[in-house]
Novice: 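What follows is a single structure, and I will ask about it in a moment.
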Amino acid sequence: MKATAVANTNIALIKYWGKRDETLFLPMNSSLSITLDRFFTLTTVEFNESFNKDIFFLNNIPASEKEENKVFNFLNKVRQFAGTSLYARIYSENRVPTAAGFASSASGFAALAAASTRALDLQLSEKELSTIARQGSGSACRSIYGGFVEWQMGMQIDGSDSFAKQILSEEAWDISVLSVLLATEQKKVSSTEGMKRTVETSPFYPGWLSTVEKDLIEVKEAIRYRDFERLGIVVESNSMKMHATMLGANPPILYWQSGTIDVIHHIHKLRLSGTYAYFTIDAGPNVKVLCLPKDEKKVYESLLSLADVQEVIICHPGSGIKYLE
Ligand code: PMV
């Protein structure tokens, strides 16, 4: 009863920010992402009657108690779903820069959901797998699929209609996503905590909710017509609006560092000089820059010239879950 799965991470173009149910990981709004080809988690799960407790190794060493708790809680949900009480051994390898803002939770819980359900021989559809992965980390439900993926928030109280689906395959439209890694050691507010505080205290949060659906429709239209400029404008604006809701939280949350702002100004300058590049920022200081493949080298080199930029990793749309024998 053993299986291995690989999941790529994803970057949201329309952000998920806020839960309406903390236990089931139900979002306040729908979101849309691109699965990336360069960052992934590889996870092996084995269930066996001879095991007398769960163990979890992350990157070849025993995981911290905090990490164990999250993973074992998730495993309990899988066990409940499968009707088993068997213990498991989990070995995970993260090929995601662990610095702030490069969330490994999306690929981590997608790979864990896939490997654990396969090890238990549950024959799940991608929709069912996405629904389960969501309950480890919201963004993980999108990493089940490759390419451009939409997570529909759903309306049901039990979360049965809150899952992701692919809207365009990774082969259908190539765009470049440059992951810009900044020099920073800052400890961050977790996305779970940041969302909760924003929903509960930010007077700007209702403003976010009132425009996010329109942004989603706009991004889907841009994807449909492969209109990169139209896509970039709404992606950048959506990310800025999400960060604006956090600035209004009490106490305020500011994920950006000075290097983050340097990249923002740099992208604006690139556009003024005729290169279409757009940024998006998650719950951390690092920035992802979108551009067309024909411009990626130029954008890459110009980003590396900024003082606080440590590394730039060029990504493209990547695939969904893969199982290794
Ligand atoms: O699912 P989490 O806890 O990794 O939260 C993801 C939050 C953002 O990255 C900021 C937005 C998103 O949709 O991925």
Side-chain angles (χ1 to χ4, degrees), residues 7-16 31-41 94-107 110 139-140 142-143 145-151 164 166-182 215 219-220 222-223 226-240 242-243 255 259-260 263-264 266-268 270-271 275-304 306 309-320:
N8 283 318
T9 190
N10 69 74
I11 172 73
L13 303 179
I14 299 298
K15 307 295 186 189
Y16 143 54
S31 57
L32 193 148
S33 60
I34 306 182
T35 301
L36 301 177
D37 61 350
R38 294 285 302 275
F39 307 137
F40 60 88
T41 304
N94 258 340
R95 296 283 172 79
V96 182
T98 43
F102 283 80
S104 54
S105 62
S107 56
S139 55
R142 300 185 307 235
S143 273
Y145 307 87
F148 295 77
V149 180
E150 181 184 358
W151 173 13
Q166 186 185 63
I167 59 164
L168 192 72
S169 80
E170 59 271 31
E171 291 93 22
W173 193 22
D174 189 19
I175 64 175
S176 306
V177 180
L178 281 62
S179 289
V180 185
L181 204 67
L182 299 164
D215 288 354
V219 154
K220 281 161 74 175
I223 292 170
R226 315 287 195 270
D227 185 337
F228 182 71
E229 199 184 336
R230 193 170 169 189
L231 179 89
I233 289 169
V234 62
V235 165
E236 203 172 283
S237 149
N238 184 266
S239 162
M240 288 301 234
M242 177 183 75
H243 286 273
Y255 284 112
T260 313
V263 176
I264 292 175
H266 182 75
I267 297 303
H268 288 161
L270 276 179
R271 283 217 293 278
T275 302
Y276 291 116
Y278 300 86
F279 65 83
T280 182
I281 307 166
D282 279 341
N286 296 309
V287 186
K288 280 85 179 176
V289 175
L290 308 181
C291 66
L292 288 168
K294 71 175 174 62
D295 295 324
E296 75 178 28
K297 196 160 179 284
K298 184 163 96 189
V299 176
Y300 170 81
E301 277 161 11
S302 75
L303 284 166
L304 277 178
L306 300 178
V309 170
Q310 273 196 334
E311 207 184 340
V312 178
I313 302 159
I314 302 178
C315 305
H316 290 271
S319 65

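Not measured: the values here are computed from a predicted model.
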Novice: Kindly say whether Asn8 contributes a backbone atom to a donor-acceptor pair with the side chain of Ser143 at under 3.5 angstrom?
Specialist: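 Present.
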Novice: Taking the side chain as C-beta and beyond, is there a heavy-atom pair between Ile313 and Phe39 under 4.5 Å?
Specialist: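 In short, these two side chains touch, coming nearer than 4.5 Å.
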Novice: Would you sort out whether Ser31 and Arg142 count as a side chain to side chain donor-acceptor pair (under 3.5 Å), showing the intermediate values?
Specialist: CA-CA 9 Å; Ser31 57; Arg142 300 185 307 235; 2.8 Å; yes
Novice: Decide yes or no on side-chain contact (heavy atoms from CB on, under 4.5 Å) for Leu178 and Cys291, but give the supporting numbers first.
Specialist: CA-CA 8 Å; Leu178 281 62; Cys291 66; 4.0 Å; yes
Novice: Please determine whether the number of non-hydrogen atoms from other residues, nucleotides or ligands lying under 6.0 Å from atom CZ of Phe228 exceeds 12.
Specialist: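 More than 12 heavy atoms, drawn from other residues, nucleotides or ligands, come within 6.0 Å of this atom.
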Novice: Does the Glu236 side chain pair with the main chain of Phe279, one donor and one acceptor, at a distance under 3.5 Å?
Specialist: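 Yes; judged by distance alone, with no hydrogens or angles, the pair exists.
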Novice: Minimum heavy-atom separation for Tyr300 to Val312, with atom names?
Specialist: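 Smallest interatomic distance, heavy atoms only, reads CE1-O, 3.3 Å.
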Novice: Could you please spell out the steps behind the side chain to side chain donor-acceptor pair (under 3.5 Å) verdict for His316 and Asp37?
Specialist: CA-CA 6 Å; His316 290 271; Asp37 61 350; 5.7 Å; no
Novice: Would you check, one step at a time, whether the test side-chain contact (heavy atoms from CB on, under 4.5 Å) holds for Leu182 with Val309?
Specialist: CA-CA 5 Å; Leu182 299 164; Val309 170; 3.9 Å; yes
Novice: Nearest heavy-atom pair of Glu170 and Gly320: which atoms, and what distance?
Specialist: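 That would be OE2-N, 4.5 Å.
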Novice: May I ask you to decide if Ala277's main-chain N or O and Arg271's side chain share a donor-acceptor pair within less than 3.5 Å?
Specialist: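 Flag set: sc Arg271 to bb Ala277 pair under 3.5 Å.
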Novice: Do side-chain atoms of Asn10 reach the backbone of Ser139 as a donor and acceptor pair under 3.5 angstrom?
Specialist: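 Yes, the answer is positive, given that a donor and an acceptor are paired below the 3.5 Å cut-off.
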Novice: Between the side chain of Lys298 and the main-chain N/O of Asp295, is any donor-acceptor distance below 3.5 Å?
Specialist: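 Flag not set: sc Lys298 to bb Asp295 has no pair under 3.5 Å.
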Novice: Distance check, rounded to the nearest 0.5 Å: Leu304 atom CG versus Leu306 atom CG?
Specialist: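 Here the interatomic distance stands at 8.5 Å.
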Novice: Evaluate side-chain contact (heavy atoms from CB on, under 4.5 Å) for Leu32 paired with Trp151, printing each intermediate quantity in order.
Specialist: CA-CA 6 Å; Leu32 193 148; Trp151 173 13; over 6 Å; no
Novice: Considering only heavy atoms from C-beta outward, does the side chain of Ile34 approach that of Val149 to under 4.5 Å?
Specialist: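 Counting from C-beta outward, Ile34 and Val149 never come under 4.5 Å.
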Novice: Are side-chain N/O atoms of Thr280 and Lys15 paired as donor and acceptor at under 3.5 Å?
Specialist: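 Short answer, yes.
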Novice: Is the side chain of Arg38 donor-acceptor paired with the backbone N or O of Ile314 at a distance under 3.5 Å, no angle test?
Specialist: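 At least one qualifying donor-acceptor pair exists.
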Novice: So how far is it from Thr9 OG1 to Asn94 CG, rounded to the nearest 0.5 Å?
Specialist: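 These two atoms lie 9.0 Å from each other.
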Novice: Between NZ of Lys220 and CD1 of Ile167, what distance do you get to the nearest 0.5 Å?
Specialist: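 It comes to 6.0 Å.
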Novice: Between the side chain of Gln166 and the main-chain N/O of Gly146, is any donor-acceptor distance below 3.5 Å?
Specialist: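 Between the backbone of Gly146 and the side chain of Gln166 there is a qualifying donor-acceptor contact (under 3.5 Å).
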Novice: Evaluate the criterion side-chain contact (heavy atoms from CB on, under 4.5 Å) for residue pair Val287 and Ile264; output intermediate values, then yes/no.
Specialist: CA-CA 8 Å; Val287 186; Ile264 292 175; 5.6 Å; no
Novice: Test your reading of the model: is there a side-chain donor-acceptor pair from Thr35 to the backbone of Tyr145, 3.5 Å cut-off?
Specialist: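 A pair under 3.5 Å: yes.
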Novice: To the nearest 0.5 Å, how far apart are CG in Asn238 and NE2 in His243?
Specialist: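 If I round to the nearest 0.5 Å, the distance is 10.0 Å.
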Novice: If I compare all heavy atoms of Pro317 with all of Gly147, which pair ends up nearest, and what's the gap?
Specialist: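 Shortest heavy-atom separation between Pro317 and Gly147 comes out as CB-CA, 4.5 Å.
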Novice: To the nearest 0.5 Å, tell me how far Ser176 OG sits from Leu290 CG.
Specialist: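 Result: 9.0 Å between the selected atoms.
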Novice: Using only atom types and a distance under 3.5 Å, with no angle test, would you say the side chain of Ser239 pairs donor to acceptor with the backbone of Ile281?
Specialist: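 Judged by distance alone, yes, a pair lies under 3.5 Å.
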Novice: Measuring from Trp173:CH2 to Arg226:CZ, what's the distance to the nearest 0.5 Å?
Specialist: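 If I round to the nearest 0.5 Å, the distance is 7.5 Å.
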Novice: Is the shortest heavy-atom distance from the side chain of Leu13 to the side chain of Ser33 under 4.5 Å?
Specialist: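 They are not in contact (no side-chain heavy atoms under 4.5 Å apart), so the answer is no.
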